[in-house]
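We use all heavy atoms of the structure for the numbers below, so side chains are in, but hydrogens, waters and symmetry mates are not.
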Amino acid sequence: MALQLENLKESNEFLNILFDNITSALFIVDQSAKIENVNDSFSILFQKREEQIVGELCGNALGCVFAVEEGKDCGTTSNCSNCKLRKDILKTMSEKVPTYRNKLSRDFYTSQTKDSKHFLYSTKFIQFHGKKYTLIIVDDHTELENQRRQLEEQNETLKSLNEQKSKFLGIAAHDLRNPIGAISSFSEILLDSGNEFPLDEKKELLTLIKDSSQFSLQLLNELLDISNIERGKLDLDKNEENISQMVIDVIKINKVFARKKNIKIINKVKIENSTVSIDKSKIEQVLHNLLSNAIKYSTPHTTITVDIKDRITNFEISVKDQGVGIPKSELSKLFTEFGTTSAKTTANESSTGLGLAIAKKIVNSHGGEIMAKSKLNEGSEFLFTLPK
């Protein structure tokens, strides 16, 4: 039995079976780098039949991107002098020096499709009947490499998100410290010696407590909004709404605040049939934010203009002021969490830096876009669209 097995191992049939059943892609090249033989795993990996490969130069048979796209033979392309695989094959052939599990990452054409592949290859010198050959063993690590890169990208994303979270919490804590500190201090003053203050001073302290409380509550609400949105919990309750009437109603509310600064809001809304499917409360939140900002950053005796334009595929709502404006280089900061610019409110009003980020997410979730145009000292215009 042992003798029979030894005889079987020596047979060409057994060696061919062994050659074709190795899972690594194997191919043998001669001294001119032409392929003499391949196994079945090679044909599967490069999606070519044996008769299409044998006799072809290495790079042409493999579908090397440089040979295919330049229409040249392997050894004459622009990349051949830099090709590590070619260098290792020639070195193994001339110096009989093997290589082990070297990396090769390149685009290859398989079945007319260009794909990025990542290989580990080894080379081994062979001499048979006086002729010199190089055996190349190729293991496909494309999937593993793609998974590795995907994990690296995910780790970078997680690292970035963790840094953003730390920054987010730091800014939130900083922004809450001042108003809560003011509430604590003014409350303590009133409790300890409130009877010593005249009525108008008491009223002023209570107003400061109220304003600080409202700012803290607004910041906390917006932090919760951002947190819910980032977790994908922005649930929209869409209904068919008259966008023109909604804008008019929001303008009426904000006119009260604008009047306190002697600012006039001009309503240019003329469209009557403007029904669109939206979450009314959330779009109102967007418009309130834009009008509130316009009031904060406008000087007395200026105007704010609100308009709706009926486009082919959407309605475009705009809020244009004559305020302090924003430098062009800072416009990209507007719709980011805690995005701040050098623009200052005109009456020391508070701003959380979250409103526009929330507005952008709400508008985007409706399938629309929000943008800003501004010139320093000439005012700003904020626009957002809602698809019909």
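For the residue pair Thr77/Asn79, the side-chain donor-acceptor check at 3.5 Å is not satisfied. Donor-acceptor pairing under 3.5 Å is recorded for the side chains of Asp107 and Ser116. At a cut-off of 3.5 Å, with distance as the only test, no side-chain donor of Thr346 or Thr299 sits close to an acceptor on the other residue. Side chain to side chain, Tyr121 and Asp88 meet the donor-acceptor criterion of an N or O pair below 3.5 Å. Inspection of the Glu369 and Thr385 side chains reveals no N or O donor paired with an N or O acceptor under 3.5 Å. Thr110 and Asp115 share a side-chain donor-acceptor pair at under 3.5 Å.
Within 6.0 Å of the CD atom in Glu201, the count of heavy atoms belonging to other residues, nucleotides or ligands exceeds 12.
Between Ser380 and Ser374, the shortest heavy-atom distance links the atoms OG-OG, 2.7 Å. Taking every heavy atom of both residues into account, Val269 and Asn267 meet most closely at N-OD1, 2.9 Å. Among all heavy-atom pairs drawn from Lys96 and Gln127, the shortest one is NZ-OE1, 4.2 Å. Counting all heavy atoms, side chain and backbone alike, Glu56 lies closest to Gln52 at CG-O, 3.5 Å. Of all non-hydrogen atoms in Gly75 and Cys80, the two that sit nearest each other are N-SG, 3.0 Å. The two residues Phe335 and Lys360 have their closest heavy-atom pair at CB-CD, 3.5 Å.
In this pair, Phe46 and Phe108 present their aromatic rings perpendicular. The plane angle is above 60°, beyond the 30 to 60° band.
Grouping the Ile, Leu, Val, Met, Phe, Trp and Tyr side chains by contacts below 4.5 angstrom, directly or via other members, places Ile271 with Ile243.
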Requested in this report: Kindly indicate, with the supporting measurements, whether the criterion side-chain hydrogen bond (donor to acceptor under 3.5 Å, both in side chains) is fulfilled by Asn289 and Gln285.
Outcome: CA-CA 6 Å; Asn289 179 269; Gln285 183 180 351; over 6 Å; no
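Residues Ser277 and Glu240 meet the side-chain proximity criterion, which asks for heavy atoms closer than 4.5 Å. When side chains are defined from C-beta on, Leu62 counts as touching Phe42, because their heavy atoms get closer than 4.5 Å.
Lys388 and Asp310 are joined by a salt bridge, as a carboxylate oxygen and a charged side-chain nitrogen come within less than 4.0 angstrom of each other.
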